[in-house]
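What follows is a short report on a single structure.
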Amino acid sequence: MTDALVLGGGLAGVAAAQTLGEAGIRTTLVDRTDYHQFQPLLYQVATSQLPAEDVARPLRTIFADVPSVDVVLAHVTSASLADRTLVLDDGRSLSADHLVLAAGARPNFFGIPGAQEHAFPLYSVVDAERLRLHHQALVAEALVGDTGSRDVVVVGGGPTGVEVSGALAELVAALQAQGRMPADARVHLVDRGQAVLGQFSTRAQAYAHKHLDKAGVDIRLGAGVKEVHVDAVDLDDGTRLPTRTVIWAGGESASAIAQSAGSSTGRGGRIDVRPDLGVEGYPGVWAVGDVANIPSGAGAPTLPQLGSVAQQSGRWAAQNILRSMQGDELAPFHYKDKGIMAMIGRNAAVAEVGAHRHEVDGPIAFAAWLGVHAMLLSGVHSRTDAFLSWAWDYFERDHAATVESHDAPRRIAWGDDADDVPHIDLGAPAHG
Ligand SMILES: Cc1cc2nc3c(=O)[nH]c(=O)nc-3n(C[C@H](O)[C@H](O)[C@H](O)COP(=O)(O)OP(=O)(O)OC[C@H]3O[C@@H](n4cnc5c(N)ncnc54)[C@H](O)[C@@H]3O)c2cc1C
């Protein structure tokens, strides 16, 4: 028998289970992968700058020192909120007094023809590794005479689209310098809006635009994707871009389990929660992180899908569970806003720091990015110093001159034992 059930081992679920487990609450965490995946570093995996194993960590290792947390590897096929029960794909059902839904999000293709079939989403380690292998195969085929397009089209000019475009442009340029990529291969970034990084200040937008442009990215604003084919993308302005690599950073919605749970949902199919993170009408049920629509105040928009929101809300829901177990009053979630930031390439980053959005760019913005991400990672790794050392090197080093064989990217020196390495099954479904 368990006192609390947590669905999802992302930043939100891990924070919730850790807080509960450290308070001695018998907690079961269920995830369909046996590892936690750190999404902010996925594009480094996709662009061959980090091996997939470096951004994933076995959940059992994370909870090795927290004996009251039990990790179950299973796909949850349905959730009954009324009796706080999860049904697993192996036929088992798990119930508890408290159920924390932390199942994250999945790519949203908005019904655009061909997008689901031909585009590469970037939401999981499996996605990132599939994209890397696809790109690597195209590079290899170019060397033996294949003349098909090597262009990459990135859909969506938010932080993920901008970051992956910047990193890919550097990779393409470096491969071209080595003669391993045709000279005309390009990265295109497509967005319906009038600026990249729509939620940032106009100064940050201009900075990002300038750096992407300088890196050789073809930025197409005010254009949406009409259809994705196996070898081209059609835009709604009539343009056809020949490509075999479309990267989908164009939007996401809540995971399937959230949409079938039966509670009230809002933007992106996310579960509506009260300010205390409980789900109205379902005592003992909580929703946190990307799967939840978390209010930020009367009349204000809900909180964004960010690592800090996920980690803090997971911890807060667990603290409210502890309060309710002790008969104390629940507390409304108070988000400590770290700001928003994006890395555009080596030596180029923008950040709007803290709730007051203090604008910085360049190395200072990168330092802010580093601080926030080290804090996020500290929930799953004790060696944040290894991350800091890798990241400074990554930011400052001349990419084109050094990295390009990519058979052995510089690793984060986590110092994990061999049995701490996650098992990443590329055949497994990456989302749902
Ligand atoms: C490419 C990318 C880059 C990002 N970069 C940044 C950044 O730089 N800074 C930042 O702050 N934020 C960033 N974000 C956002 C941030 O990573 C997310 O907001 C945060 O990780 C969400 O955490 P979560 O725990 O809610 O969900 P997730 O991390 O998605 O975890 C959900 C877990 O639930 C499991 N799960 C789902 N459904 C089931 C099921 N049916 N059965 C069993 N298990 C299930 C999944 O396997 C997964 O492990 C980025 C996101 C992406 C995709």
Side-chain angles (χ1 to χ4, degrees), residues 5-17 29-47 55-57 59 71-79 86-90 94 100-107 120-128 131 154 156 158-164 167 247-249 251-252 254-261 270-271 287-292 294 303-315 317 337-343 349 351 368-370 372-373 375-377 379-380 422 428-432:
L5 260 179
V6 177
L7 165 54
L11 285 168
V14 165
L29 183 148
V30 188
D31 202 296
R32 62 185 164 216
T33 67
D34 65 358
Y35 51 82
H36 164 87
Q37 39 202 329
F38 190 67
Q39 291 172 335
L41 295 179
L42 288 182
Y43 79 86
Q44 277 91 348
V45 174
T47 54
V55 306
R57 193 158 203 230
L59 288 162
V71 175
V72 170
L73 170 63
H75 182 88
V76 174
T77 53
S78 66
L86 298 178
V87 179
L88 314 186
D89 58 353
D90 58 12
L94 301 174
V100 181
L101 299 168
R106 58 182 170 162
F120 288 83
L122 193 53
Y123 200 81
S124 66
V125 172
V126 168
D127 290 338
L131 176 56
V154 179
T160 298
V162 163
E163 290 186 340
V164 77
I247 301 178
W248 198 261
E252 58 184 50
S255 71
I257 200 80
Q259 299 185 12
S260 62
R270 296 184 179 84
I271 299 173
V288 290
D290 277 9
V291 84
I294 304 178
L303 291 174
Q305 279 60 59
L306 283 178
S308 309
V309 175
Q311 193 173 58
Q312 291 179 37
S313 63
R315 201 175 294 137
D337 193 343
K338 311 278 180 214
I340 49 178
M341 41 208 75
M343 249 217 273
W369 182 96
L370 210 50
V372 167
H373 289 77
M375 194 178 299
L376 294 175
L377 270 168
V380 285
H431 348 83

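Whatever order the structure lists ligands and atoms in, that order sets their numbers, starting from 1.
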- [ ] Taking only heavy atoms of Thr160 into account, list the atoms of ligand 1 that are under 4.0 Å away from them.
- [x] 1 (C), 2 (C), 3 (C)
TODO: Can you pull out the closest protein heavy atom to atom 29 (O) of ligand 1? Residue, atom name and distance to 0.1 Å, please.
DONE: Gly10 CA, 3.5 Å
Open item on the list: Less than 4.0 Å is my threshold; does some heavy atom of Tyr43 fall inside it relative to ligand 1?
Closed with: no
- [ ] Please determine if His373 has a nitrogen or oxygen closer than 3.5 Å to a nitrogen or oxygen of ligand 1.
- [x] yes
- [ ] Nearest 0.5 Å please: distance from the CH2 atom of Trp369 over to the CE atom of Met343.
- [x] 3.5 Å
- [ ] Give the minimum heavy-atom separation between Val76 and Ile257, together with the two atoms involved.
- [x] O-CD1, 3.5 Å
TODO: Would you mind running through ligand 1 and noting each atom that sits below 4.0 Å from a heavy atom of Gly289?
DONE: 26 (O)
TODO: Do me a favour and list the nearest non-hydrogen protein atom to atom 15 (C) of ligand 1 with residue, atom name and distance?
DONE: Gln305 O, 3.7 Å
Open item on the list: Any nitrogen or oxygen of Gly307 lying under 3.5 Å from a nitrogen or oxygen in ligand 1? Just yes or no.
Closed with: yes
- [ ] Tell me, with the steps shown, if Tyr43 and Leu122 meet side-chain contact (heavy atoms from CB on, under 4.5 Å).
- [x] CA-CA 8 Å; Tyr43 79 86; Leu122 193 53; 4.0 Å; yes
Task: Part of Ala12 within contact of ligand 1 (heavy atoms, under 4.0 Å) - done: both
Task: Non-hydrogen atoms of Asp290 and Leu306 that approach each other most closely - done: OD1-N, 4.1 Å
Task: Those atoms of ligand 1 less than 4.0 Å from some heavy atom in Ala102 - done: 32 (C), 33 (C), 34 (O)
Task: Polar proximity ligand 1 side, Gln39 side, N/O cut 3.5 Å exclusive - done: yes
- [ ] For residues Val154 and Val164, report the shortest heavy-atom separation together with the two atoms involved.
- [x] CG1-CG1, 3.7 Å
Task: Ligand-residue contact atoms, ligand 1 with Leu122, heavy atoms, under 4.0 Å - done: 1 (C), 53 (C)
Task: Ligand-residue contact atoms, ligand 1 with Gly8, heavy atoms, under 4.0 Å - done: 33 (C), 34 (O), 35 (C)
Open item on the list: Give me the nearest non-hydrogen protein atom to atom 38 (N) of ligand 1 as residue plus atom name, then the distance to 0.1 Å.
Closed with: Arg32 NH1, 3.2 Å
Task: Test item: Gln37 side-chain N/O and Val125 main-chain N/O as donor-acceptor pair under 3.5 Å - done: yes
Open item on the list: Looking only at distances, can you tell me whether any N or O atom of Asp31, backbone or side chain, sits closer than 3.5 Å to an N or O atom of ligand 1?
Closed with: yes
Open item on the list: Counting non-hydrogen protein atoms only, what is the nearest one to atom 37 (C) of ligand 1? Give residue, atom name and distance.
Closed with: Ala103 O, 3.1 Å
Task: Protein heavy atom at shortest distance from atom 27 (O) of ligand 1 - done: Gly104 CA, 3.3 Å
Open item on the list: Under a 3.5 Å distance rule, please check whether Glu252 uses its side chain to pair with a backbone N or O of Ala105 as donor and acceptor.
Closed with: no
TODO: Among all protein heavy atoms, pick out the one at the shortest distance from atom 23 (O) of ligand 1; state its residue, atom name and that distance to 0.1 Å.
DONE: Ala310 CB, 3.5 Å
Task: Protein heavy atom at shortest distance from atom 5 (N) of ligand 1 - done: Pro40 CA, 3.4 Å
Task: Polar atom proximity, Val30 to ligand 1 (N or O, under 3.5 Å) - done: no
TODO: For Asp34 and Leu73, indicate whether the former's side chain and the latter's backbone hold a donor-acceptor pair under 3.5 Å.
DONE: no
Task: Min heavy-atom dist Gln311 to ligand 1 below 4.0 Å - done: no
Task: Per-atom contacts of ligand 1 with Asp290, taking only distances under 4.0 Å to non-hydrogen atoms - done: 18 (C), 19 (O), 22 (C), 26 (O)
Task: Ligand-side contact atoms (ligand 1) for residue partner His75, heavy atom cut-off under 4.0 Å - done: 41 (N), 42 (N)
Open item on the list: If you compare all heavy atoms of Ser255 against all heavy atoms of Arg106, which two are closest, and at what distance to 0.1 Å?
Closed with: C-NE, 4.0 Å
Open item on the list: Parallel, tilted or perpendicular, judged at 30° and 60°: which one describes the rings of Phe38 and His36?
Closed with: tilted
TODO: For residues Leu29 and Leu59, determine if any side-chain heavy atom of one lies less than 4.5 Å from a side-chain heavy atom of the other.
DONE: yes
Task: Contacting atoms of ligand 1, where contact means under 4.0 angstrom from a heavy atom of Gly9 - done: 33 (C), 49 (O)
Open item on the list: Any heavy-atom pair between the side chains of Val100 and Leu7 that's under 4.5 Å?
Closed with: no
Open item on the list: So for Ala74, does at least one of its heavy atoms come nearer than 4.0 angstrom to any atom of ligand 1?
Closed with: yes
Open item on the list: One residue to check: Leu7. Relative to ligand 1, which of side chain, backbone, both or neither has a non-hydrogen atom less than 4.0 Å away?
Closed with: side chain
Open item on the list: Is it the case that the side chain of Gln311 and the backbone of Ala15 share a donor-acceptor pair, with hydrogens and angles ignored and the cut-off at 3.5 Å?
Closed with: no
Task: Donor-acceptor pair, side chain of Gln259 and main chain of Ala254, under 3.5 angstrom - done: yes
- [ ] Identify, for atom 41 (N) of ligand 1, the protein heavy atom at the shortest distance, and state residue, atom and that distance.
- [x] Val76 O, 3.0 Å
TODO: For residues Gln312 and Lys338, determine if any side-chain heavy atom of one lies less than 4.5 Å from a side-chain heavy atom of the other.
DONE: yes
